[in-house]
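Everything below concerns the one structure shown next.
This one's a predicted model, so the numbers in the text were calculated from it and none came from an experiment. Order of the sequence lines sets the chain letters (A, B, ...), proteins ahead of strands, with each chain counted from 1. Only heavy atoms go into these numbers, but all of them, side chains included; no hydrogens, no water, no symmetry mates.
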Amino acid sequence: MSNFHDMAASNMRMTVVVPLTPGVLPEEMMVEVFLRLPIKSILRFRAVCRFGLRCFLQRNFAAEAVLMDSASSPPKLFFTSPTTSFDASSVFGTSSGPGDGLLFTLNDICGDFVSCLRPD
Amino acid sequence: MAAPESGDGNNGAARMVTLISSDNTRFEVEAAAASLSQTLQLTILDGGGGGGDGIPLPNVDSATLSKVLEYCIKHAPAAANGGAPNATAVDRAELERFDNEFVNIDQSVLYSLIMAAHNLEIEGLQSLVAKKVADMIKGKSPMEIRRTLGFPDPTPEEQAEMNAHMLEYGWAYE
């Protein structure tokens, strides 16, 4: 069975990795790092740990990411899956400013039916 | 009669404060530079850290503190100008050059710096080190990210989650 390491090896150059930290970084600093990553790295990061996953569920992450982005980038929709099994999708709007945040979450996609949850 | 220059003297000469590292080294530095730290700012505004007192920093060793202060001293003038709206392009380029050079350091030093920037709440330095870490992570696989950030190797359950994620989001791994 092809495990994760093999897949990683085939897709990416392997490098020798020196650990940055003897311990895990403080949460606020991890968020600061997150905010400066491109989307591919953010997605990979989400696979790294539960913390990464949790970060995405916090609406202020989306809001802060928008703030960080707003000067230079066109409006975006930000899709993320709020469950560990990746069977739901949350959509964040990032078009008009930090206020718009979470738009809706799609759940339980089954045949023609989908449950759509809106905040509030 | 009070000499008029006594008031000027207080304002004219830059006020100094003393910071004491965890290994008891004393650093004398301009209050304006030390005030880049949100943590220290209030103490300094209240008049602390002057004279023989000194502000103890039990979480920061002398090697790290001297590095942190190097950053603060360099950035203090721009910060005092409210982000230096009238700074010349040359000044800004010089600060950028300094910043790039500043984080071109050994990983263990970087880690101490991250912790100090966090503890002392020095906003610019927090951004700088976060950007450095982000640059280190870009293009790495989840496994490499884990190792870079010092996470323990994944449990079988976490490994399964990582595999599932990788199948789901193949494009993120190209």
Side-chain angles (χ1 to χ4, degrees), chain A residues 1-56 64-65 67-68 79-81 83-89, chain B residues 59 105-119 121-174:
Chain A
M1 178 188 154
S2 150
N3 72 14
F4 183 82
H5 295 82
D6 297 335
M7 291 170 74
S10 65
N11 282 337
M12 298 175 186
R13 66 192 154 71
M14 290 302 277
T15 47
V16 178
V17 178
V18 185
L20 168 66
T21 62
V24 175
L25 293 178
E27 198 158 301
E28 293 92 336
M29 288 308 297
M30 293 277 267
V31 173
E32 291 292 315
V33 171
F34 258 53
L35 289 169
R36 290 167 176 79
L37 285 172
I39 186 69
K40 278 190 181 183
S41 293
I42 290 181
L43 272 172
R44 286 181 207 164
F45 206 126
R46 201 180 62 170
V48 167
C49 62
R50 290 254 161 75
F51 169 79
L53 195 60
R54 195 146 43 81
C55 231
F56 282 91
E64 279 188 63
L67 274 182
M68 217 56 186
F79 292 80
T80 180
S81 176
T83 61
T84 47
S85 50
F86 310 114
D87 55 3
S89 291
Chain B
N59 294 323
I105 45 177
D106 203 67
Q107 286 203 4
S108 61
V109 182
L110 179 61
Y111 178 68
S112 309
L113 212 51
I114 293 170
M115 298 310 281
H118 176 64
N119 287 327
E121 293 179 67
I122 302 168
E123 208 179 308
L125 186 55
Q126 282 177 295
S127 297
L128 183 60
V129 292
K131 183 169 182 310
K132 172 73 177 180
V133 176
D135 287 343
M136 291 164 62
I137 287 174
K138 275 177 203 166
K140 286 199 160 95
S141 71
M143 204 59 198
E144 289 170 325
I145 295 175
R146 283 190 77 101
R147 289 190 179 138
T148 305
L149 294 177
F151 286 109
D153 278 346
T155 62
E157 193 197 6
E158 286 174 318
Q159 185 73 64
E161 276 176 25
M162 283 161 79
N163 288 347
H165 186 274
M166 202 161 176
L167 289 173
E168 181 94 358
Y169 290 95
W171 61 269
Y173 296 86
E174 283 158 10

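For B:S127, the parts lying near chain A are the backbone and the side chain together; criterion is any non-hydrogen pair under 4.5 Å.
Remark: B:I114 CD1 to A:E32 CD distance equals 11.5 Å, nearest 0.5 Å.
B:V133 has its side chain out of reach of A:R36: every pair of non-hydrogen atoms, C-beta onward, lies at least 4.5 Å apart.
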